[in-house]
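Step one of this worksheet: look at the structure below.
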Amino acid sequence: MADTKREIERKYESDDSGLPDLTGVAGVAGIVDKGTAELDATYYDTSDLRLAAASITLRRRTGGHDAGWHLKLPVGPGVRDEIQAPLSDTVPGELAALVRARVREGQLVPVVRLRSDRDLCDLVDADGRQLAEVGVDTVRAERLFGGEGTAQWTEIEVELADGEDQRILDKVEKRLRKANVRPSKSASKLARALAETKGAHPRPKDEPAEPVTAGDHVLAYVRAQRDAIVDLDPAVRQDAEESVHDMRVATRRLRSTFKSFPKIIDRKVTDPIGDELKWLAGELGVGRDQEVLAERLDTVLDDLPSTLVHGPIQDRLGTWSKTEYGGARRRLLGVLDSPRYLTLLDTLDAVVADPPVRKAAAKKPKKLKKAEKVLAKAVRKDFAKVAALIEEAMEQPPGTDRDLGLHEARKKAKRTRYAAEAANPALGSPAKSLTKAMKSLQSLLGDHQDSVMVRVTLGELSAVAHAAGENTFTYGLLYGREEQRAEQVEAALPEEWEAIRDSIDV
């Protein structure tokens, strides 16, 4: 089983003169020498260095206190999540799965070998508590694949101890700079090894120019959502909090963008992709929808006085939640390993690399206003659809038809919100206001839809409980409360909608 550790560290260039004196750093009461470790690490990547291009490292290392396989995923500047697995001859399956969205059908091969002599010490406070670990590494790099040659250098690493304040790193850096030690130009040893040996280098990330055309603005949004899906893949596999929700949102944003801007992006190309995105969003939603329902049922049950809770409803809800969640989780992991999902990622890459932008939308306008007009027209069209659906739904009597109508309005509100987000860099304040308004409407209508789904679930659970001879009074009580909640949303909607409609100026 792999273990995950949050790694917060900084790297510095060294001129082989060793570690400057750090005894005067504020908060550091002592320096504990930990001796020298000999480390031997082989780094794995695809032949075209896809992991390195994404600032991801995968290595097999012997020596030191944490020998084994290490996968490092970037979190932010100087911050990475390190997932560790025991030593083995081949890449552990659990680590290979975490980089599958990058590797896809490619093969992981040894690309660089790094051998390091590491002089280690701990910075401790007055109580002897570790604040940070400092290492001086003498590194020898050898290219194994995609090139040749060797390189050698010395660097200093300062890694924050678990749970300590990051300000200690600032204080250490201040002292190092006074000693003329400068931050490393390379984000990792692997990056430096690849840069200083002959051969292939990681493909640089696409850095699009400042958006000018309507197509530029839409494609920037498309690219951001593609990146989000791939970046979130490891977190979803690890069941990180909100990761499934965030990936589902990115998937929906991308699909909505393809639909909202047909004058900009050719839908003959994107409609089939949209169908696959719909499939992925649906698979991501299986577990997520169940999770939302479970949280809501737990909340409403906790709000009931104990005198109104009859029968083993709490146990039945818990069993239902665990069973549904476990099944959804297994299914989702299967989806993420499926050829269909990996093919979709390849297709999205192709769209970003060779976007199907219509000629008129790709032309650089003589005046910036032209691009703004094209985007604003598309956003207004989506908003008009929301307006029609809201008004049509509210004309229906309470019941199934109104519920379905409001659900459709909610979906169109999301689409309008995402269109406004894509247009925001060009349209500015009006698009930002519309995004905020649609988010508020989406939340209100989402509360209504949750009530509908909770009632469906309560009905199903009540039938099972009744068949088992259990008291179903509490199920009926909760059902009635959910009906009231839906009625409150429907009562508040006309005023809310009028305020939104009056505030829109796109």
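Not measured: the values here are computed from a predicted model.
Heavy-atom neighbours of Arg329 CZ from other residues, nucleotides or ligands within 6.0 Å: above the threshold of 12. Surrounding CG of Asp303 are more than 12 heavy atoms belonging to other residues, nucleotides or ligands, all under 6.0 Å away. Within a 6.0 Å sphere centred on CZ of Arg340, heavy atoms belonging to other residues, nucleotides or ligands number more than 12.
At distances below 3.5 Å, at least one donor-acceptor pair connects side-chain atoms of Thr319 with backbone N or O atoms of Asp315. Under a 3.5 Å cut-off, the side chain of Ser321 and the backbone N or O of Leu317 do not form any donor-acceptor pair. Judged by distance alone, with hydrogens and angles left aside, the side-chain atoms of His70 form a donor-acceptor pair with the main-chain N or O of Asp66 at under 3.5 Å. A distance-only check finds a donor-acceptor pair linking the side chain of Arg237 to the backbone of Ala97 [under 3.5 Å]. The main-chain N or O of Ala240 is found under 3.5 Å from a side-chain atom of Ser243 such that the two form a donor-acceptor pair. The backbone N or O of Ile273 sits nowhere less than 3.5 Å from a side-chain atom of Thr270 that would complete a donor-acceptor pair. At distances below 3.5 Å, not a single donor-acceptor pair connects side-chain atoms of Ser462 with backbone N or O atoms of Gly459. A donor-acceptor pair under 3.5 Å is absent between the side-chain atoms of Asp127 and the main chain of Arg129, judged by distance alone. At least one donor-acceptor pair closer than 3.5 Å links the side chain of Thr474 to the backbone N or O of Leu308. Between the Ser503 side chain and the Ile500 main chain, a donor and an acceptor come within less than 3.5 Å of each other.
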*Output, in order, the C-alpha distance, side-chain angles, deciding distance and verdict of side-chain contact (heavy atoms from CB on, under 4.5 Å) for His407 and Val452.*
CA-CA 10 Å; His407 182 47; Val452 173; over 6 Å; no

*Apply salt bridge (charged side-chain N to carboxylate O under 4.0 Å, His left out) to Asp231 and Arg226, showing your working.*
CA-CA 9 Å; Asp231 290 344; Arg226 186 280 311 265; over 6 Å; no

*List the steps, then state whether salt bridge (charged side-chain N to carboxylate O under 4.0 Å, His left out) holds for Asp266 with Lys268.*
CA-CA 5 Å; Asp266 187 352; Lys268 290 180 182 178; 5.9 Å; no

*Trace of the side chain to side chain donor-acceptor pair (under 3.5 Å) decision for Arg60 with Tyr44*: CA-CA 8 Å; Arg60 181 188 187 274; Tyr44 286 70; 6.0 Å; no

_salt bridge (charged side-chain N to carboxylate O under 4.0 Å, His left out), that's the test. Do Arg10 and Asp170 meet it? Break it down for me._
CA-CA 10 Å; Arg10 298 181 187 179; Asp170 296 331; 2.8 Å; yes

*Evaluate salt bridge (charged side-chain N to carboxylate O under 4.0 Å, His left out) for Asp337 paired with Arg100, printing each intermediate quantity in order.*
CA-CA 8 Å; Asp337 287 333; Arg100 189 156 293 134; 2.5 Å; yes

*What's the verdict on side-chain contact (heavy atoms from CB on, under 4.5 Å) for Leu108 and Val103, showing C-alpha distance, side-chain angles and the deciding distance?*
CA-CA 8 Å; Leu108 289 168; Val103 176; 3.7 Å; yes

_Derivation of the side-chain contact (heavy atoms from CB on, under 4.5 Å) call for Thr46 and Leu51_ = CA-CA 7 Å; Thr46 58; Leu51 300 187; 5.5 Å; no

*Hey, mind stepping through Leu375 and Phe261 against side-chain contact (heavy atoms from CB on, under 4.5 Å) and telling me if it holds?*
CA-CA 8 Å; Leu375 293 166; Phe261 299 100; 3.8 Å; yes

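The CD atom of Gln442 lies 11.0 Å from the OG1 atom of Thr435; values are rounded to the nearest 0.5 Å. Lys263 NZ to Arg358 CZ: the interatomic distance, rounded to the nearest 0.5 Å, is 7.0 Å. With rounding to the nearest 0.5 Å, the separation of CG in Asp233 from CD in Gln238 is 10.0 Å. Here the CD-OG distance, from Glu482 to Ser451, works out to 4.5 Å after rounding to the nearest 0.5 Å. Atoms OG and CG, from Ser429 and Asn424 in turn, are 9.0 Å apart once rounded to the nearest 0.5 Å.
Looking at Glu276 and Arg255, no side-chain N of the basic residue comes within less than 4.0 Å of a carboxylate O on the acidic one, giving no salt bridge. We find that Asp48 and Arg50 are joined by a salt bridge, their nearest charged nitrogen and carboxylate oxygen being less than 4.0 Å apart. In this structure, Asp346 pairs ionically with Arg104, as a charged nitrogen and a carboxylate oxygen lie closer than 4.0 Å. With salt bridges taken as basic N to acidic carboxylate O contacts below 4.0 Å, none links Glu82 and Lys5. Salt-bridge check for Asp349 with Arg223: failed, with every basic side-chain N at 4.0 Å or more from each acidic carboxylate O. Ionic pairing of Asp45 and Arg59 is not present here: no N-O contact between side-chain nitrogen and carboxylate oxygen is shorter than 4.0 angstrom.
Looking at every heavy atom in both residues, Leu344 comes nearest to Leu277 through CD2-CD2, 4.1 Å. Listed here is the closest heavy atom pair of Val386 and Ala409: CG1-O, 4.4 Å. The two residues Tyr341 and Val335 make their nearest non-hydrogen contact at CB-O, 3.2 Å. Summarising the geometry of Val374 relative to Ala214, their closest heavy-atom pair is CG1-CB, 4.0 Å, with the distance given to 0.1 Å. Gln130 and Glu133 get closest at one heavy-atom pair: NE2-CB, 3.8 Å. Among all heavy-atom pairs drawn from Pro272 and Val269, the shortest one is CD-O, 3.4 Å.
Screening Glu496, Glu495, Glu391 against Arg501 for a salt bridge (charged side-chain N to carboxylate O under 4.0 Å, His left out) leaves a single residue, Glu391. Here the options are Arg415, Lys414, Lys259, the test is salt bridge (charged side-chain N to carboxylate O under 4.0 Å, His left out), and the partner is Asp382; only Arg415 passes.
Glu408 is linked by a salt bridge (charged side-chain N to carboxylate O under 4.0 Å, His left out) to Lys411, counting only residues two or more places apart in sequence or in another chain. Annotation: ring-ring contact (aromatic ring centres under 6.0 Å, His included) contacts of His310 (sequence neighbours excluded): Phe473. By the ring-ring contact (aromatic ring centres under 6.0 Å, His included) test, Trp497 is found to be paired with Phe383, residues two or more places apart in sequence or in another chain being considered. Remark: Tyr418 pairs with no residue by the ring-ring contact (aromatic ring centres under 6.0 Å, His included) rule, at least two apart or across chains.
Judged purely by distance below 3.5 Å, without hydrogens or angles, the side chains of Gln449 and Arg410 never pair a donor atom with an acceptor atom. In the model, Asp216 has a side-chain atom that pairs as donor or acceptor with a side-chain atom of Thr213 under 3.5 Å.
Screening residues 267-303 for ring-ring contact (aromatic ring centres under 6.0 Å, His included), with sequence neighbours left out, gives no hits. Sorted by first and then second residue, the salt bridge (charged side-chain N to carboxylate O under 4.0 Å, His left out) pairs involving residues 424-451 (not counting sequence neighbours) are Arg296-Asp447, Arg296-Asp450.
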